[in-house]
Amino acid sequence: LGVPHPTLGEVIVLCAVLAPDATPPSEQEIVDTLRTSLASYKLPRRILFFDPADVSTTSNQKIQVAALREVVGARLAAESVEIEGHCYADVREA
């Protein structure tokens, strides 16, 4: 999923839904595996794992990308993730 970034335009965030009772691999294991088949600019800068219930789908079982982008943005902000010099901190007014 492409997520907006102020200087790069957008960065790639890999969104994965784990099978029930599956142990998530480390981010480094995933990136190392992807590095063998993807160009460096296509590698994800962050990997997020989701429960199936967290991912909205249409009646045809296609992922609703706009809804997923909002969820990803919220998670990046909540975790104050920094990607390529930009912090996605959740800035809320008090």
Side-chain angles (χ1 to χ4, degrees):
L1 181 72
V3 177
H5 188 279
T7 56
L8 300 175
E10 70 179 15
V11 292
I12 304 298
V13 175
L14 186 144
C15 302
V17 176
L18 293 174
D21 300 324
T23 303
S26 72
E27 286 192 30
Q28 192 59 49
E29 289 173 326
I30 294 172
V31 170
D32 289 344
T33 300
L34 293 174
R35 187 172 277 125
T36 64
S37 59
L38 294 176
S40 62
Y41 70 93
K42 293 182 179 181
L43 291 174
R45 300 297 195 254
R46 182 69 185 209
I47 299 169
L48 301 176
F49 295 99
F50 291 91
D51 290 327
D54 295 336
V55 180
S56 302
T57 58
T58 65
S59 60
N60 294 336
Q61 298 305 309
K62 292 184 179 181
I63 295 173
Q64 293 181 333
V65 177
L68 182 59
R69 188 171 279 120
E70 289 180 23
V71 171
V72 168
R75 281 198 42 194
L76 293 176
E79 297 174 15
S80 297
V81 172
E82 183 175 327
I83 300 175
E84 302 288 329
H86 175 68
C87 184
Y88 289 87
D90 192 3
V91 182
R92 296 182 188 169
E93 303 222 3

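Just so it is clear, the values below take in all heavy atoms, side chains as well, and ignore hydrogens, waters and symmetry mates. Counting begins at 1 with the first residue of the sequence.
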Identify every side-chain donor-acceptor pair in residues 8-22 under 3.5 Å, counting partners at least two apart or on other chains, and give the distances.
none

For residues 34-43, which side-chain donor-acceptor pairs fall under 3.5 Å, sequence neighbours excluded?
{"unit_1": "Arg35", "atom_1": "NH1", "unit_2": "Asp32", "atom_2": "OD1", "d": "3.3"}
{"unit_1": "Thr36", "atom_1": "OG1", "unit_2": "Thr33", "atom_2": "O", "d": "2.7"}

Hey, can you pull the donor-acceptor pairs under 3.5 Å for the side chains in residues 54-64, sequence neighbours left out?
{"unit_1": "Asp54", "atom_1": "OD2", "unit_2": "Asp51", "atom_2": "N", "d": "3.4"}
{"unit_1": "Thr58", "atom_1": "OG1", "unit_2": "Asn60", "atom_2": "N", "d": "3.2"}
{"unit_1": "Thr58", "atom_1": "OG1", "unit_2": "Lys62", "atom_2": "N", "d": "3.3"}

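A single hydrophobic cluster is seen to contain both Val71 and Val3, as judged by linkage of ILVMFWY side chains at heavy-atom distances under 4.5 Å, directly or through other members. Placement of Leu76 and Phe49 in two distinct hydrophobic clusters is found when ILVMFWY residues are connected by side-chain heavy-atom separations under 4.5 Å, directly or transitively. Linking ILVMFWY residues whenever their side-chain heavy atoms come closer than 4.5 Å, directly or via other members, places Val81 and Leu68 in the same cluster.
Applying the ring-ring contact (aromatic ring centres under 6.0 Å, His included) criterion to His86, with sequence neighbours excluded, gives His5, Tyr88. When the side chain to side chain donor-acceptor pair (under 3.5 Å) test is applied to Arg46, the partners found at least two apart in sequence or on another chain are Glu79. Residues that satisfy the side chain to side chain donor-acceptor pair (under 3.5 Å) test with Glu82, not counting sequence neighbours, are absent from this structure.
The structure places CG of Leu1 at 9.0 Å from CG of Leu48, a figure rounded to the nearest 0.5 Å.
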